[in-house]
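Worksheet: the structure to be examined is printed underneath.
As the structure is a computational prediction, the values presented were derived from the model and not from experiment. Order of the sequence lines sets the chain letters (A, B, ...), proteins ahead of strands, with each chain counted from 1.
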Amino acid sequence: MATSESKAPNESKASSNFIRNIIEEDVKNNKQEKVVTRFPPEPNGYLHIGHARSIWLNFGMAKEFGGECNLRFDDTNPEKEDQEYVDAIKEDVKWLGYQWSGEVKYASDYFDQFYAWALELIKAGKAYVCDLSAEDASKYKGWATKPGKESPYRDRSVEENLELIEKMRAGEFDEGACVLRAKIDMTSPNMSLRDPTMYRIRKASHHQTGDKWCIYPNYDFAHGQEDSIEGVTHSICTLEFQNNRPLYEWYLENLPVPSTPHQYEFGRLNLNYTITSKRKLKQLVDEGCVNGWDDPRMPTVSGMRRRGYTPESLKFFCDMVPVSKSNSVIDVALLERAIRDDLNDSAPRAMCVMNPLKLVITNFAEGEVEEMNAPAHPSKPELGERKLPFTREILIDKSDFTEDTTLSRKKFKRLVLGEWVRLRGAYIIKADEVIKDDSGEIIQVNASLVPDTVGNDAPEGIRPRGVIHWVSAEHGVAVEVRLYDRLFNHAEPDKDEDGFMSHVNTDNLTVISAVIEPTAAVCEPESRFQFEREGYFVADRYDHSSEKPVFNRTISLRDTWAGK
RNA sequence: UGGGGUGUCGCCAAGCGGUAAGGCAACAGGUUUUGAUCCUGUCAUGCGUUGGUUCAAAUCCAGCCACCCCAGCCA
């Protein structure tokens, strides 16, 4: 009998994760009936790669421990939010492959409850309406090393406070006239405990509640209660909320909430050569640096989708990045690794010539078509085969031919005048002659094929320098190919004093007209391919059609030779 | 000069007193009808720094240094 001690082969390959350790411990100690998490975006922009990681963490942990994860919009600031973002976020979460528990939830679902709780705090003498202007309130707050002063309105009677909050709610005051504050400690070394704001007046229409309210709770007076109402057990957020945790707990302790969630903070994801800030991404959109939030150059979930990233690759990327408490900058190479890994495995192959050069096979009859069979994937026969029409005139890439016969075999593994090369999936050919135009540019290469070399090794004495891709000049289909490059040419664009906008890579998109093998042109939008020897490409989600094919380059193939 | 955090290989990161995991990157080989993939190997006498405790310290103690967050009626 095998020992039960033998190592578990299905052990998760996921990286270390201190959050998982905490949950694991809680589950072991039966701290809760069921693990409940939540992903709580504010609908004020599109989700980016950093959110994808938070989604992965929250939904992933819930799933791993047999629990549930809510999608809850933290919609406490109507001025910055919009239904467009709500819709986009829902779509992104679904596309990533996650299913939230029950209906989508909103902080605004609980506004009535929050108001009732606010009244209770007032009755308990723990909250008051403060008439200080924003500017004065800031002065009273003090500074890090200097304790704050108590507001002159701090000791209003319960009755007066009750009357004032009702008037606030009824819209009798202008925006900014007053706020409701929690009465905690103006001398606390933790700034967030110096009588924090609970409600402020905003006479704006809300995307969910319309004009029902003109006072809105702020983040701190909403988040913990939302978590509690929903029975969230582990409330996972980013590092900058560490200072808010005592306040989060204060509200839970001073309100008759139905459950006690706990907040845990982890380091937000940063990627080099990338920006992960909704505000800054919005600026790129607003200033026309890109064509919208879902532009393929954007690190948004929808942008990456359009670029050709798969949900699997994003999850694989998250698996590779450990969850920790430090502010770290992850190398984009890790992301690129993730998408290449997924697509190498799943994407069917095709040949596409980016910079066509005519090549005539002089010993192949004009008008004749020989149909070659090539596997859709070199190591996955189950993906089937494709037909490649071979004709007298074909197209190869300009960069795959040279007249320079002095280049070593190691340095140039392509077609050299007077030498042989293998045409992928077809014959070995020899370049015999070069034809140039008046300006001296090569416009045609004449070559001869070596008979009987399709699917067979090269005969004695013939050593092809390498393998190049090709497309029949007659059957190839013209396609628009969009070659994307990184959006920023600075590793940490927003850490530089010149500001991130000055580091936008102006050469981040090249649109070319290429020629692709016929069968690959006929495909659905979002079909993914590896164009052999070039990279991974996706049929554009919006612009592609079989009649007018458009492909986006997701990522080039790894090129260990480029440095020469 | 307050409080809350973090400092281990180029980028991440495990480690929790017993003599530095792993991933990515890089480099060197091998296989290859994709210069891809895949495979193999190399890559911290060192853990911000200075002292201390100990037979033994990245791990414990003390001091110092660096970086991040907090002064929204943003989240």
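Looking at the side chain of Arg533(A), the nearest of the listed nucleotides A26(B), G23(B), U34(B) is U34(B). For Glu532(A), whose side chain is taken as the heavy atoms from C-beta onward, the closest listed nucleotide among A25(B), C12(B), U34(B) is U34(B).
Heavy atoms of Thr238(A) sit nowhere under 4.0 angstrom from any nucleic acid atom. Using a 4.0 Å heavy-atom distance criterion, Phe412(A) is classed as a base contact. In this structure, Lys325(A) reaches the sugar-phosphate backbone alone: every heavy-atom distance under 4.0 Å involves primed, P, OP1 or OP2 atoms, never a base. Counting any heavy atom pair closer than 4.0 Å across all strands shown, Pro147(A) reaches no nucleic acid atom. Nucleic acid contact class of Gly148(A) (heavy atoms, under 4.0 Å, all strands): none. Contact annotation for Lys146(A): no contact, since no heavy-atom pair falls under 4.0 Å across all strands.
Rounded to the nearest Å, the gap between the P atom of A75(B) and that of C38(B) is 46 Å. Taking atom P in both C60(B) and C47(B), one finds a spacing of 15 Å when rounded to whole Å. Distance noted for atom P between U54(B) and A21(B): 28 Å (whole Å). Comparing the same atom, C1', in C65(B) and in A25(B) gives a spacing of 30 Å after rounding to whole Å. A57(B) and U50(B) have their C1' atoms separated by 15 Å, with the value rounded to a whole Å. Rounded to whole Å, the separation between the C1' atoms of A13(B) and G7(B) comes to 13 Å. The gap from the P atom of U59(B) to that of U53(B) amounts to 15 Å, rounded to the nearest Å. Comparing G17(B) with G23(B), their P atoms sit 25 Å apart, to the nearest whole Å.
Between the side chain of Asp75(A) and the backbone N or O of Ser108(A) there is at least one donor-acceptor pair closer than 3.5 Å. Here the side chain of Glu532(A) pairs no donor or acceptor atom with the backbone of Met351(A) at under 3.5 angstrom. Checking side-chain atoms of Thr238(A) against main-chain N and O of Glu240(A) turns up no donor-acceptor pair under 3.5 Å.
In terms of heavy atoms, Lys80(A) sits closest to Glu42(A) at CB-OE2, 4.4 Å.
Residues forming a salt bridge (charged side-chain N to carboxylate O under 4.0 Å, His left out) with Arg337(A) (at least two apart in sequence, or on another chain): Asp341(A). Residues satisfying the salt bridge (charged side-chain N to carboxylate O under 4.0 Å, His left out) criterion with Asp286(A), sequence neighbours excluded, are Lys282(A). Remark: Ser328(A) pairs with Ile330(A) by the side chain to side chain contact (heavy atoms under 4.5 Å, CB included) rule, at least two apart or across chains. The salt bridge (charged side-chain N to carboxylate O under 4.0 Å, His left out) check on Arg422(A) picks up nothing, with sequence neighbours excluded. Checked against salt bridge (charged side-chain N to carboxylate O under 4.0 Å, His left out), Glu419(A) has the following partners two or more places apart in sequence or in another chain: Arg465(A). In this structure, the side chain to side chain contact (heavy atoms under 4.5 Å, CB included) partners of Glu312(A), at least two apart in sequence or on a different chain, are Thr310(A), Asp342(A). Glu150(A) meets the side chain to side chain contact (heavy atoms under 4.5 Å, CB included) test with Arg154(A), Met186(A); sequence neighbours excluded.
Between Glu534(A) atom CD and U34(B) atom C1' there is a gap of 10 Å when expressed in whole angstrom units. Rounded to an integer number of Å, the gap from Lys410(A) NZ to G29(B) C1' is 10 Å. As rounded to whole Å, 16 Å separates atom P of C69(B) from atom CD of Glu265(A). Distance Asp319(A) CG to G23(B) P: 15 Å, rounded to the nearest Å. Atom CZ of Phe241(A) is separated from atom P of U6(B) by 18 Å (rounded to the nearest Å). Between Leu269(A) atom CG and C24(B) atom P the separation is 17 Å, expressed in whole Å.
The aromatic rings of Tyr85(A) and Tyr46(A) lie perpendicular to each other, with more than 60° between the two planes, well past the 30° mark.
Within 6.0 Å of atom CG in Asp404(A), more than 12 heavy atoms from other residues, nucleotides or ligands are found, so the atom counts as buried in its surroundings.
Gln530(A) contributes a side-chain N or O that forms a donor-acceptor pair with the base of U34(B) under 3.5 Å. A donor N or O paired with an acceptor N or O is found under 3.5 Å between the base of G35(B) and the side-chain atoms of Arg414(A).
Remark: RNA chain B forms stems of 3 or more consecutive Watson-Crick or G-U wobble pairs, all pair distances under 3.5 Å, at B:2-7 with B:65-70, B:10-12 with B:22-24, B:26-30 with B:38-42, B:48-52 with B:60-64.
Contact between the side-chain N/O atoms of Ser379(A) and the OP1/OP2 oxygens of C38(B) is not found at any separation under 4.0 Å. For Ser324(A) and A13(B), the shortest distance from a side-chain N or O to OP1 or OP2 is below 4.0 Å.
For Asp75(A) and Asn21(A), each mapped to the nucleotide of RNA chain B holding its nearest heavy atom, the one lying further toward the 5' end belongs to Asn21(A). Each of Pro41(A) and Val454(A) has a nearest nucleotide on RNA chain B; the 5'-most of these lies closest to Val454(A).
Contacts of residues 331-349 of chain A with RNA chain B (heavy atom under 4.0 Å): Asp331(A), Ala333(A), Leu334(A), Arg337(A), Asn344(A), Arg349(A).
Identified under the side chain to side chain donor-acceptor pair (under 3.5 Å) test for residues 136-145 of chain A, with sequence neighbours left out: Ser133(A)-Asp136(A).
The OG1 atom of Thr554(A) sits 11.5 Å away from the CD atom of Glu336(A) when rounded to the nearest 0.5 Å.
A syn base is found at G72(B): its glycosidic angle is within 90° of 0.
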Heteroatom pairs (N/O) under 3.5 angstrom, protein to nucleotides 66-68 of chain B:
residue	atom	partner	partner atom	Å
C68(B)	O2'	Asn327(A)	ND2	3.0

Output one line per pair: protein atom, nucleotide atom from nucleotides 70-74 of chain B, and distance, for all N/O pairs under 3.5 Å.
residue	atom	partner	partner atom	Å
C70(B)	O4'	Asn243(A)	ND2	3.1
C73(B)	O5'	Thr197(A)	OG1	3.2
C73(B)	O2'	Arg202(A)	NH2	2.6
C73(B)	N3	Gly176(A)	O	3.4
C73(B)	N4	Leu132(A)	O	2.6
C73(B)	N4	Ala134(A)	N	3.1
C73(B)	N4	Gly176(A)	O	3.1
C74(B)	OP1	Arg202(A)	NH2	2.9
C74(B)	OP2	Arg200(A)	NE	2.8
C74(B)	OP2	Arg200(A)	NH2	2.9
C74(B)	OP2	Arg202(A)	NH2	3.4
C74(B)	O3'	Arg200(A)	NH2	3.0
C74(B)	O2'	Asn77(A)	ND2	3.0

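The distance between the ring centers of Phe221(A) and Tyr199(A) falls below 6.0 angstrom.
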